[in-house]
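One structure below.
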Amino acid sequence: MPKPIYVLSGPNLNLLGTREPEIYGHQTLDDIHRLCEARATSLGFTVVCRQSNHEGVLVDWIQEARFDASAVVLNPAAYGHTSVALLDALKMLSIPVVECHLSNPAARESFRRKTYVSLVAAGVVSGFGGASYELAVEAAAGLAR
Ligand code: DQA
């Protein structure tokens, strides 16, 4: 059995379902994690799904992924637009990183158009709501093979 795919989510994503549903949809993060698990299972992988509002905690999990994961799916949320610390942690990985977003940040405010994570991600899936995560897990599994 390959190492799990880490599915990591950043700040405010714990409030999915009630947070700006017109942008982020009505699914909760638990709903999305269940979809990721099902998709990963169908591809012969497992997932470890975690969310934190704290930048340093996300850095710790990315560092852990160096040894314990076969790939990382990351929705950095707002930290994607601001965090050099997340970028530096991601640069230490020798496993694939797939960035994902529920919304399409490129179609929103100009400050969302750039993410530091994109500098190291193998690819970005955005704009498909919870399905962005499922597609990102599928892409990560394909890259991790
Ligand atoms: C987000 C997009 C970010 O710009 C925003 O800060 C988020 C969520 C998304 O999933 O669409 O918190 O990453």
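Start at 1 with the first residue, then count along the sequence.
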Check your understanding: Are V47 and V73 connected in a single hydrophobic cluster, I mean Ile/Leu/Val/Met/Phe/Trp/Tyr linked by side-chain heavy atoms less than 4.5 Å apart?
Key -> yes
Practice item. Determine which pairs satisfy salt bridge (charged side-chain N to carboxylate O under 4.0 Å, His left out) with at least one residue from residues 128-145, sequence neighbours left out, and list them in order. Key: R39-E134, R39-E138
**Study point:** Distance under 6.0 Å and angle within 45° of ring axis: K114 vs F111
**Key:** no
Exercise for review: Measure from the side-chain N and O atoms of S83 to the backbone N and O of G80, and report whether any donor-acceptor pair falls under 3.5 Å.
Suggested key: no
**Study point:** Hphob cluster co-occupancy, V137 + L35, side-chain heavy atoms under 4.5 angstrom
**Key:** no
Check your understanding: Under a 4.0 Å N-O cut-off, is there an ion pair linking E37 with R34?
Key -> no
Check your understanding: How many angstroms lie between OH in Y24 and CG in L13, if you round to the nearest 0.5 Å?
Key -> 7.5 Å
Check your understanding: Would Y116 and L90 show up in the same hydrophobic cluster when neighbours are defined by side-chain heavy atoms closer than 4.5 Å?
Key -> yes
Study note, to complete from the structure: In this structure, CG of D30 is separated from CG of L16 (nearest 0.5 Å) by 10.0 Å
Revision key, fill the gap. Rounding to 0.5 Å, atoms CG (L29) and CG (N12) come to a distance of 11.5 Å
Review point. Which value, rounded to the nearest 0.5 Å, describes the distance between Q51 atom CD and N75 atom CG?
Key: 10.0 Å
**Study point:** Side chain to side chain, P11 and Y79, heavy atoms closer than 4.5 Å
**Key:** yes
**Study point:** Aromatic plane relationship, H81 with H101 - under 30° parallel, 30 to 60° tilted, over 60° perpendicular
**Key:** parallel
Donor-acceptor contacts under 3.5 Å from residues 57-67 side chains, at least two apart:
{"from": "E64", "atom 1": "OE2", "to": "Y6", "atom 2": "OH", "distance (Å)": "2.5"}
{"from": "E64", "atom 1": "OE2", "to": "R50", "atom 2": "NH1", "distance (Å)": "3.1"}
{"from": "E64", "atom 1": "OE2", "to": "R50", "atom 2": "NH2", "distance (Å)": "3.0"}
{"from": "R66", "atom 1": "NE", "to": "Q63", "atom 2": "O", "distance (Å)": "3.3"}

**Study point:** Heavy-atom check, side chain of L87 versus side chain of L119, under 4.5 Å
**Key:** yes
**Study point:** Any side-chain heavy-atom pair of L102 and I32 under 4.5 Å
**Key:** yes
Check your understanding: In Å and rounded to the nearest 0.5 Å, what is the CG to CG distance from N14 to N53?
Key -> 4.5 Å
Review point. Can you name the closest pair of heavy atoms from L93 and V97 and give their distance?
Key: CD1-CG2, 3.7 Å
Check your understanding: Do L143 and V98 come within less than 4.5 Å of each other through their side chains, counting heavy atoms only?
Key -> yes
Atom pairs and distances, side-chain donor-acceptor, residues 122-131, under 3.5 Å, sequence neighbours left out:
none

**Study point:** Separation between CG of N104 and CD1 of I23, rounded to the nearest 0.5 Å
**Key:** 12.0 Å
Check your understanding: Are side-chain heavy atoms of I95 and K3 found at a separation under 4.5 Å?
Key -> no
Exercise for review: Please step through side chain to side chain donor-acceptor pair (under 3.5 Å) for the pair Y133 and S9, ending with a clear verdict.
Suggested key: CA-CA 10 Å; Y133 276 75; S9 296; 2.7 Å; yes
Check your understanding: Does A121 offer a backbone N or O that forms a donor-acceptor pair with the side chain of E99 under 3.5 Å?
Key -> no
